[in-house]
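Notes follow once the structure below has been shown.
Here is how names work: the chains are called A, B, and so on, in the same order as the sequence lines, proteins then strands, and each is numbered from 1.
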Number of protein chains: 2
Amino acid sequence: MAADPYVEELGEDAVVACLCTLLRQSPRTVVGPGDDAAVLRPSRPGQLGILKTDCVVEGVHFLAEAPARWIGHKALARCISDVGAMGGNPTEAVITLGVPTHTRLSRLLGIYRGLARTAQAFEISLVGGETTRLPAGGTLWVNVALQGTVNKSHVLTRRGARPGDGIYVTGRLGGSFPSGRHLRFTPRLREAQWLAENGLASALMDLSDGLAQDLPRLAKCSGVGFSLMESSLPRHRGCTVRQALTDGEDYELLFTCPQRLQAALDQKWLLRFPKLLLTKIGSILPLGKNRKTPLSGGWDHFRKA
Amino acid sequence: MAADPYVEELGEDAVVACLCTLLRQSPRTVVGPGDDAAVLRPSRPGQLGILKTDCVVEGVHFLAEAPARWIGHKALARCISDVGAMGGNPTEAVITLGVPTHTRLSRLLGIYRGLARTAQAFEISLVGGETTRLPAGGTLWVNVALQGTVNKSHVLTRRGARPGDGIYVTGRLGGSFPSGRHLRFTPRLREAQWLAENGLASALMDLSDGLAQDLPRLAKCSGVGFSLMESSLPRHRGCTVRQALTDGEDYELLFTCPQRLQAALDQKWLLRFPKLLLTKIGSILPLGKNRKTPLSGGWDHFRKA
């Protein structure tokens with residue numbers, strides 16, 4: 001057998017056995033990879049459960065030449081970002097790999113190394129997975145299902161924004177694809193948890209499809225309008241306002257903060273996260289009082305470009 | 001817009017909004033579809049968590065002409081079968097749809113109706129989902145991540161088989177694809193839960209890749225050998241022994257029962273599940289004492305046919 005065989009030469013059990021060697025379990029895992037399903041110890045009293053699933057597809061979320069480790073990282077980090085956006089703490093994930101048969105084992109191992117490294121960094125156990133072959137023409141994909149816990153009093157939804165609240169984003173926006181940030185980003189888990197624990201956000205979500213898509217979604221969930229100061233958008237070097245609005249895959253936090261807490265937010269943020277920019281980009285308005293030009297653009301999974 | 005538009009005409013938010021109308025939540029759901037992740041009430045004290053993910057791919061697990069509702073059913077029922085195979089009770093699922101852009105909305109709605117109907121039948125909440133477009137050449141797929149609970153004392157793994165145990169299967173094997181049973185099967189959830197609650201199975205798994213693949217996996221996990229009475233295999237009408245061994249996708253239960261419990265198993269099973277055949281097909285042997293001809297064949301996701 002070749003040093004780096006194709007998966008069709010190895011067969012499923014051998015492929016899965018190779019991938020499983022990369023997984024590490026926490027004390028929460030009762031039954032890990034290799035059985036019909038994972039069995040896990042319950043969370044502490046007072047905690048709610050969180051469940052999220054998402055995927056990355058070659059040719060949509062990454063290019064064929066993307067390094068395998070970063071594909072694994074991105075697949076997991078997107079879900080971490082979402083669990084954080086509920087104020088939660090991710091604990092266990094299960095993986096599905098959709099694999100063209102003519103794929104080298106080393107590529108799958110690279111993806112799993114990326115998954116495992118990021119899981120370790122965020123103290124997540126990879127407790128199981130499935131692999132499936134794809135028919136001719138299909139491109140590789142990685143689906144992650146991530147569960148976690150959240151303190152009952154720390155749940156952060158998209159629904160809590162009220163007129164008068166300030167609208168904030170972390171970091172800078174735009175240019176995620178050409179820069180490679182869409183692959184290598186750090187999910188703002190600690191920041192979101194801190195906002196939840198300190199009661200500083202009335203509504204929060206992560207920015208995955210671009211501010212122009214995501215801010216209207218948050219406003220719709222909260223039943224409010226908004227005013228955006230486009231000139232104040234924190235942009236990555238070389239990005240236009242339009243790129244900051246519509247490029248997507250920023251994986252920064254978008255949240256609202258009640259007026260009475262904004263001074264405290266500014267002060268405490270600077271002390272806690274001195275290296276991460278926090279920018280007020282607008283205000284929440286009553287429903288129907290939006291600025292006249294509605295936002296448009298951003299990432300849409302189905303519309304023709 | 002056409003009465004049955006393509007998803008590329010509708011855009012992601014409209015597609016997701018249509019699909020979400022089909023979802024029903026249980027009192028366990030704190031935050032359901034439409035936010036960054038689902039938030040769920042914890043399980044009762046003494047319960048462990050279960051997590052499972054799996055997918056079905058057009059051209060691998062179903063044909064393009066398969067009715068959409070049965071695609072949804074199969075995607076969820078496979079995971080239900082696996083959660084049952086741990087002795088567990090499924091509670092919530094999240095869905096990922098991988099969708100070629102030139103797909104009609106009605107097909108996605110049909111898949112979601114199938115998911116929703118099966119979810120309702122097994123009292124599972126569909127608490128969230130994602131959709132992604134696929135590049136040209138990709139075929140539709142449905143990934144399900146299913147969580148559940150299991151009583152600490154009822155966990156059924158593949159590891160508990162001991163020499164002397166009898167080997168049993170439920171129902172009949174073989175011919176799953178040509179008969180359409182691979183799409184329409186009923187997962188043996190109640191049966192597996194009953195075996196777990198009554199302590200009648202020492203090891204248990206569901207048969208997804210064919211007895212010829214799955215029985216050696218169970219034996220390997222338990223560190224034992226086995227003897228199979230091929231002539232005793234319960235076959236579907238018109239199926240050969242080889243088909244019963246290797247066709248796969250039977251979704252019947254394969255389990256072992258200690259010798260001292262076998263008479264009770266036979267009697268109680270007949271009373272509890274009078275319509276479902278239960279057959280003893282062999283015995284567990286010490287490791288290294290396998291029958292001379294090893295089983296071969298069965299479904300392998302990667303090997304060339």
Side-chain angles (χ1 to χ4, degrees), chain A residues 7-8 10-12 15 30-31 34-43 47-55 57-60 82-83 85-86 88 92 94-96 98 101 127-135 137-139 141 143 145 147 150 155 157-158 205-206 221 300-304, chain B residues 7-8 10-12 15 30-31 34-43 47-55 57-60 82-83 85-86 88 92 94-96 98 101 127-135 137-139 141 143 145 147 150 155 157-158 205-206 221 300-304:
Chain A
V7 294
E8 64 202 348
L10 273 178
E12 185 183 10
V15 170
V30 179
V31 179
D35 218 302
D36 293 292
V39 180
L40 307 161
R41 275 181 233 291
S43 41
Q47 302 260 296
L48 300 173
I50 293 188
L51 187 60
K52 171 68 194 178
T53 190
D54 205 352
C55 72
V57 179
E58 181 182 308
V60 177
D82 278 312
V83 169
M86 303 306 294
E92 290 92 13
V94 285
I95 312 298
T96 314
T101 47
V127 295
E130 283 290 327
T131 53
T132 180
R133 73 175 171 89
L134 299 179
T139 60
W141 53 263
N143 193 90
Q147 72 175 24
V150 59
V155 177
T157 70
R158 300 178 179 185
M205 67 186 294
D206 71 326
C221 283
D300 189 297
H301 282 278
F302 290 123
R303 278 199 198 280
K304 287 171 176 167
Chain B
V7 296
E8 63 202 348
L10 273 178
E12 185 183 10
V15 170
V30 179
V31 179
D35 218 303
D36 293 293
V39 180
L40 307 161
R41 276 181 232 293
S43 42
Q47 302 260 296
L48 299 173
I50 294 187
L51 188 59
K52 171 69 192 179
T53 191
D54 205 354
C55 72
V57 179
E58 181 182 308
V60 177
D82 279 312
V83 169
M86 302 307 293
E92 288 92 14
V94 286
I95 312 298
T96 314
T101 48
V127 296
E130 283 290 327
T131 53
T132 180
R133 73 176 171 87
L134 299 178
T139 61
W141 53 263
N143 193 89
Q147 72 174 24
V150 59
V155 177
T157 70
R158 301 178 178 184
M205 67 186 294
D206 71 326
C221 283
D300 188 296
H301 283 278
F302 291 122
R303 276 200 199 280
K304 287 172 178 167

I'd like to verify something: which residue of B:V30, B:L51, B:L48, B:I50 has the highest number of heavy-atom pairs under 4.5 Å with chain A?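 Among the listed options, the one with the most contacts to chain A is B:L51.
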
Quick check on the interface: out of B:V127, B:T139, B:V31, who has the most heavy-atom pairs with chain A under 4.5 Å?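 Ranked by contacts with chain A, first place is B:V31.
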
With A:T96, the side chain to side chain donor-acceptor pair (under 3.5 Å) member among B:T53, B:T96, B:D54: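 The option that passes is B:T53.
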
Less than 4.5 Å to any heavy atom of chain B: does that hold for the side chain of A:V155, its backbone, both, or neither?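 The side chain, not the backbone.
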
Under 4.5 Å from any heavy atom of chain A, what part of B:V150 do you find: side chain, backbone, both or neither? side chain

Need one label for B:V57: side chain, backbone, both or neither, based on atoms under 4.5 Å from any heavy atom in chain A. side chain

Could you check if a side-chain atom of A:D35 sits within less than 4.5 angstrom of a side-chain atom of B:C221, using non-hydrogen atoms only?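 Not touching, per the 4.5 Å side-chain cut-off.
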
Please report the closest heavy-atom contact between [X] and [Y], naming both atoms and the distance.
X      : Y      : value
B:K52  : A:A37  : CB-CB, 3.8 Å
A:A145 : B:A145 : CB-CB, 3.2 Å
A:M86  : B:V39  : CE-CG2, 3.7 Å

Would you compute the distance between atom CG of A:N143 and atom CH2 of B:W141 and round it to the nearest 0.5 angstrom?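 Here the interatomic distance stands at 5.0 Å.
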
Contacts of B:A85 that satisfy side-chain contact (heavy atoms from CB on, under 4.5 Å) - sequence neighbours left out: A:D36, B:L204, B:D206

What residue, out of A:A38, A:G88, A:G138, has the most heavy-atom pairs lying under 4.5 Å from chain B?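 That would be A:A38.
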
Could you tell me which residues satisfy side-chain hydrogen bond (donor to acceptor under 3.5 Å, both in side chains) with B:T157, sequence neighbours excluded, listed by chain and number?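 B:T157: no side-chain hydrogen bond (donor to acceptor under 3.5 Å, both in side chains) contacts found.
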
